[in-house]
Amino acid sequence: MELRQLTYFVTVAEELHFGRAAERLHIVQSGVSQQIRRLERELGAELFDRSSRHVRLTAAGERLLPEARTVLAAADRARAAVAPPPGLRIGTSTGLGEHLDRVLAAFARRAPGVPVELHSLPVAERLARVAGGRLDAAFVRAVEPVPGVRVLPLWADPLVVALPATHPLAARTEIGVEELAGLPLALTERRANPALVDLVVGACQEAGFEPLPGPADSSLQDTLATIGTRPLWTVVYASHARVLRSPRVAFVPFRAPGLALSTGLAVRASATPAATPAHLDTLLLACADHEK
C-alpha cells in the first residue's frame with residue numbers, strides 16, 4: 001500500500017467522480033483508475049461501486065476512508081516535523097549599515113533557528129515584490145504610497161557629510177549646509193532615490209545656493225573613492241558611515257537640525273492575520289529592540 005494510492009482513493013471518495021479527481025490531482029484519469037485497482041487488489045476488496053451511472057463508496061470503502069485520512073494526516077505531520085522552519089524574506093538596500101546588523105541580531109534572539117533571506121534590490125523592485133507576495137517585508141525610506149503596500153514607521157535616519165579627509169571642513173565637529181556651497185556635490189540620479197535627492201538639493205536651496213553638480217558614479221563606493229582624490233562632497237546615512245572604513249574620506253554630521261529621512265518597513269496592505277507570515281510580528285519587535 002502506497003501513500004499515493006491512499007491519496008488517490010481519498011480524492012475519488014470526495015469527488016465521487018474519477019474525472020474530477022484526476023483534475024484535482026493533475027494527472028490523467030487512467031492513472032487514477034489504475035492505482036485504485038491496484039489498491040483494491042492489495043486489500044482484496046472493491047472500494048467503489050461502479051455499476052451505476054454514479055460512483056459510490058462500497059461498505060469497504062466507507063470503512064477505509066477515515067483510516068486513509070488518518071494515515072495521510074500522520075504523513076503530513078511527519079513531513080512537517082523534519083521540514084526546515086519557514087524563513088522570512090526581507091528586501092534591503094545599501095546604507096542600512098548597523099541598523100540591519102542590530103535588527104537581525106535582535107530577530108535571531110527572538111526567533112532562533114528561523115532563516116532570513118535578504119534581497120538587496122532597488123526600491124521600486126522591493127515594493128513590487130512586497131505587493132506581489134514575493135517578499136514578506138522590505139526596508140524603505142521616505143517612499144510615496146504604492147498600491148498594495150503599507151509602510152510601518154520605524155526610525156529616522158540622519159545623514160552626514162562625506163568629504164575629503166584633507167579638506168579644512170573635515171576637522172569640524174559639525175558642518176552647516178551653507179558651508180558646502182563652493183564644493184561640487186556628487187549625488188545619485190533623482191530617479192534612483194528621489195526622496196534623498198530632493199532633501200539634499202532642497203536643503204542647499206534653503207541655504208541660499210544651487211549645488212554645483214559633481215560626477216555621478218555608479219555606486220557609493222566609487223563616489224567615496226572619487227572624493228578621496230578631489231574636492232567633492234556627498235551624503236551618507238550615519239548608520240552606514242559608522243561601518244565604512246575610508247582613511248581618505250571624513251564623515252561629519254550636519255549642524256542641527258540636520259538632515260534625515262524616515263525608514264519604514266513595507267508590508268502587504270491586504271495581508272490578513274492568517275496570511276501574514278508568522279515571523280513578521282517578531283521582525284517588528286526586533287526593530288523595536290534595536291532602538292533601545
Side-chain angles (χ1 to χ4, degrees), residues 76 79-80 83-159 188-200 202 219-220 235-243 258-292:
D76 288 340
R79 293 188 190 97
L88 199 62
R89 303 161 300 172
I90 305 174
T92 67
S93 67
T94 57
L96 286 171
E98 64 181 14
H99 283 305
L100 184 59
D101 292 336
R102 293 168 64 184
V103 167
L104 293 179
F107 182 84
R109 288 193 299 269
R110 288 182 170 272
V114 176
V116 176
E117 297 178 13
L118 299 180
H119 301 262
S120 182
L121 300 161
V123 62
E125 180 65 14
R126 268 176 278 155
L127 292 171
R129 292 196 183 192
V130 169
R134 291 178 292 161
L135 287 178
D136 300 310
F139 290 104
V140 294
R141 291 190 180 92
V143 297
E144 295 295 323
V146 174
V149 174
R150 59 192 175 104
V151 178
L152 309 175
L154 295 178
W155 57 72
D157 247 336
L159 295 166
T188 185
E189 295 181 5
R190 186 182 183 279
R191 61 182 177 83
N193 196 335
L196 176 67
V197 173
D198 289 349
L199 176 67
V200 175
S219 68
L220 176 61
V235 293
V236 179
Y237 295 105
S239 58
H240 193 198
R242 285 191 286 268
V243 299
L259 301 180
L261 286 177
S262 60
T263 295
L265 190 69
V267 298
R268 290 186 72 183
S270 60
T272 62
T276 302
H279 302 299
L280 189 53
D281 287 342
T282 305
L283 177 62
L284 289 170
L285 291 172
C287 292
D289 287 348
H290 129 285
E291 285 294 279
K292 294 178 182 178

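Worth knowing before you read on, the calculation uses all heavy atoms, side chains too, and leaves out hydrogens, waters and symmetry mates.
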Give a yes or no on whether the backbone of Gly133 and the side-chain of Arg89 come within a donor-acceptor separation of less than 3.5 Å. yes
Looking only at non-hydrogen atoms, find the nearest pair between [X] and [Y] and report the distance.
{"X": "Thr282", "Y": "Ala111", "result": "CG2-CB, 4.1 Å"}
{"X": "Ala195", "Y": "Leu261", "result": "O-CD2, 4.1 Å"}
{"X": "Ala260", "Y": "Pro158", "result": "CB-CA, 3.7 Å"}
{"X": "Cys287", "Y": "Phe139", "result": "SG-CE2, 4.0 Å"}
{"X": "Pro147", "Y": "Ala131", "result": "O-CB, 4.0 Å"}
{"X": "Leu127", "Y": "Ala266", "result": "CD2-CB, 3.9 Å"}

For Glu125, what residues pass the salt bridge (charged side-chain N to carboxylate O under 4.0 Å, His left out) criterion, not counting sequence neighbours? Arg129
Could you check Asp136 against Leu283 for side chain to side chain contact (heavy atoms under 4.5 Å, CB included), going step by step and ending with a plain yes or no? CA-CA 10 Å; Asp136 300 310; Leu283 177 62; over 6 Å; no
Spatial distance of atom [atom1] ([X]) from atom [atom2] ([Y]) [nearest 0.5 Å]:
{"X": "Arg134", "Y": "Leu121", "atom1": "CZ", "atom2": "CG", "value": "9.0 Å"}
{"X": "Arg110", "Y": "Leu285", "atom1": "CZ", "atom2": "CG", "value": "4.5 Å"}
{"X": "Ile90", "Y": "Leu265", "atom1": "CD1", "atom2": "CG", "value": "7.5 Å"}
{"X": "Leu118", "Y": "Leu88", "atom1": "CG", "atom2": "CG", "value": "9.5 Å"}
{"X": "Leu196", "Y": "Tyr237", "atom1": "CG", "atom2": "OH", "value": "4.5 Å"}
{"X": "Leu100", "Y": "Glu98", "atom1": "CG", "atom2": "CD", "value": "11.0 Å"}

What residues, two or more places apart in sequence or in another chain, satisfy side chain to side chain donor-acceptor pair (under 3.5 Å) together with Asp198? Arg190
If the test is side-chain contact (heavy atoms from CB on, under 4.5 Å), which one of Val140, Val146, Asn193 qualifies with Val123? Val140
Could you tell me if the side chain of Arg141 sits less than 4.5 Å from the side chain of Leu96, heavy atoms only? yes
Can you tell if the side chain of Leu154 reaches within under 4.5 Å of the side chain of Val103, non-hydrogen atoms only? no
